[in-house]
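Data first, discussion second: the structure below is written as structure tokens.
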Protein chains: 2
Amino acid sequence: MGAVAAPWKQLLLNALDSNSHLKHSSFFQLATVGSNGRPSNRTVVFRGFQENSDNIQINTDTRSRKIEELKKCPFAEICWYFTESWEQFRISGRIDVIDGSNPDSVKLQQREKAWFSTSVKSRLQYLGPNPGLPCISEQPIQDLSIDSSTGPVGAFCLLVLDPDQVDYLNLKSNQRVEFASRLDATGAKCWTSERINP
Amino acid sequence: MGAVAAPWKQLLLNALDSNSHLKHSSFFQLATVGSNGRPSNRTVVFRGFQENSDNIQINTDTRSRKIEELKKCPFAEICWYFTESWEQFRISGRIDVIDGSNPDSVKLQQREKAWFSTSVKSRLQYLGPNPGLPCISEQPIQDLSIDSSTGPVGAFCLLVLDPDQVDYLNLKSNQRVEFASRLDATGAKCWTSERINP
């Protein structure tokens, strides 16, 4: 893992680059399977690749519904449409949920790094009331504050998606490529690609 | 159904209106559950509401993978993010797959209407090679043509999503509302709404 970059990664970096003037170019839709067996879908923010890998990072709140969903079914599919370049990436894989109780110290460090990579303002949301629960007051929440040196709070959770299949569609050139991975004898991930009909 | 418009429908119409100068404002992401039990997610185009209802129409190819997925699990969740107004609609419901073999003549008429509502150019894609299958030639497909009066071809399929839950999030006002429906004693759909924490 990481020795050879996945062949779709450069396409994605190019798309990010050519759409970077648009704030929403770092937003994508993450689908999971709900506890009732129905699909669930929401917009989240791309928080970069994990160092030396093709793994995609997302920050979320441990209290959000997707956490319980991912504990039952760890698979997800990202649908990322770039509105300027008319490119779509469907990235399917398994998600590792890294909250403060994770026993792996390397993962806890990744979580801490992700925390300090976000703005102080966006850290505040993890101090707010439980997302998805009824508003108990019509009043706006009183201003919260957090010291910039404070480490990750309990509600902060890092999601790491390890892609195993990527479907790339370019609506300008009308080309579509499917990237599939398998593990070789040494456990390293190998990618193959194939042109498919759009 | 249809007697009283769903309370979220006006919010959605407003969002469509305030984002209408953006071509991609009619695109949303549709999540389904794949035959392997994993989530599946792709961008599709909003084709309007079904007449006098809150049902959402989508055109697709009967040969696309989502058709077999929907036959196994008919539930879907739309995630529709409006990049100008910073609003998100998560619309969950059941999808009715209407292809040319549908026994219901009213549904076949809806499918025909949907066909003639699309541009002649977009009808051509249903004559192209099987989507998702390997490209058998490096050559571009020779130009296809179709008469504008020709009715829906076999590969043309209308999807109708009947929403039963809508999660609305406004990132500018930081407000979130959950709309839930139930059927009353007469079988009519009744909506309730509740402010929830974003």
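Every chain is numbered from 1 and lettered A, B, ... according to where its sequence line falls, protein lines coming before strand lines.
Interface remark: Leu169(A) contributes no atoms to any contact with chain B (heavy atom separation under 4.5 Å). Interface residue Glu178(B): only side-chain heavy atoms are found under 4.5 Å from chain A. Residue Leu22(B): no heavy atom, backbone or side chain, is found under 4.5 Å from chain A. With a 4.5 Å cut-off on non-hydrogen atoms, Arg176(A) touches chain B through its side chain but not through its backbone.
Closest approach of Cys135(A) to Asn197(B), counting heavy atoms only: SG-OD1, 3.6 Å. Taking all atoms of both residues into account, the shortest heavy-atom contact from Pro39(B) to Ala31(A) is CG-O, 3.4 Å. Annotation for Gly37(A) and Cys73(B): closest pair O-SG, 4.1 Å, computed over non-hydrogen atoms.
Using cut-offs of 30° and 60° for the angle between ring planes, the Tyr81(A) and Phe27(B) rings count as perpendicular.
Both Phe28(B) and Phe179(B) belong to a common hydrophobic cluster when Ile, Leu, Val, Met, Phe, Trp and Tyr are linked at side-chain heavy-atom distances under 4.5 angstrom. The cluster map of Ile, Leu, Val, Met, Phe, Trp and Tyr, joined by side-chain heavy atoms under 4.5 Å apart, puts Ile91(B) and Leu158(B) in different clusters. In this structure, Phe75(B) is not a member of the same hydrophobic cluster as Ile56(B), with clusters built from ILVMFWY side-chain heavy atoms closer than 4.5 Å. Hydrophobic clustering (ILVMFWY, side-chain heavy atoms < 4.5 Å, transitive): Ile67(A) and Val33(A) are in distinct clusters. In the hydrophobic clustering of ILVMFWY residues, with side-chain heavy atoms under 4.5 Å counting as a link, Leu108(A) and Phe116(A) come out apart.
Put simply, the side chain of Gln88(A) gets close to the backbone of Thr43(B): a donor and an acceptor are under 3.5 Å apart.
No more than 12 heavy atoms of other residues, nucleotides or ligands sit less than 6.0 Å from atom CH2 of Trp86(B). Under a cut-off of 6.0 angstrom, the local environment of CZ in Arg65(A) is sparse, with at most 12 non-hydrogen atoms contributed by other residues, nucleotides or ligands.
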Report, one line per pair, each donor and acceptor closer than 3.5 Å where one atom sits in a side chain of residues 124-132 of chain B; sequence neighbours left out.
none

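Considering only heavy-atom pairs separated by less than 4.5 Å from chain B, the leading option among Asn36(A), Asn41(A), Leu30(A) is Asn41(A).
A heavy-atom distance below 4.5 Å is found between the side chains of Arg90(A) and Ser40(B).
Contact check on Arg38(B) versus Asp164(A) returns a salt bridge, with a Lys/Arg side-chain nitrogen under 4.0 Å from an Asp/Glu carboxylate oxygen.
Between atom OG1 of residue Thr32(B) and atom CD of residue Glu77(A) there is a gap of 8.5 Å, rounded to the nearest 0.5 Å.
Taking the ring-ring contact (aromatic ring centres under 6.0 Å, His included) definition, one finds that Phe82(B) meets it with Trp80(B), Phe89(B), sequence neighbours left out.
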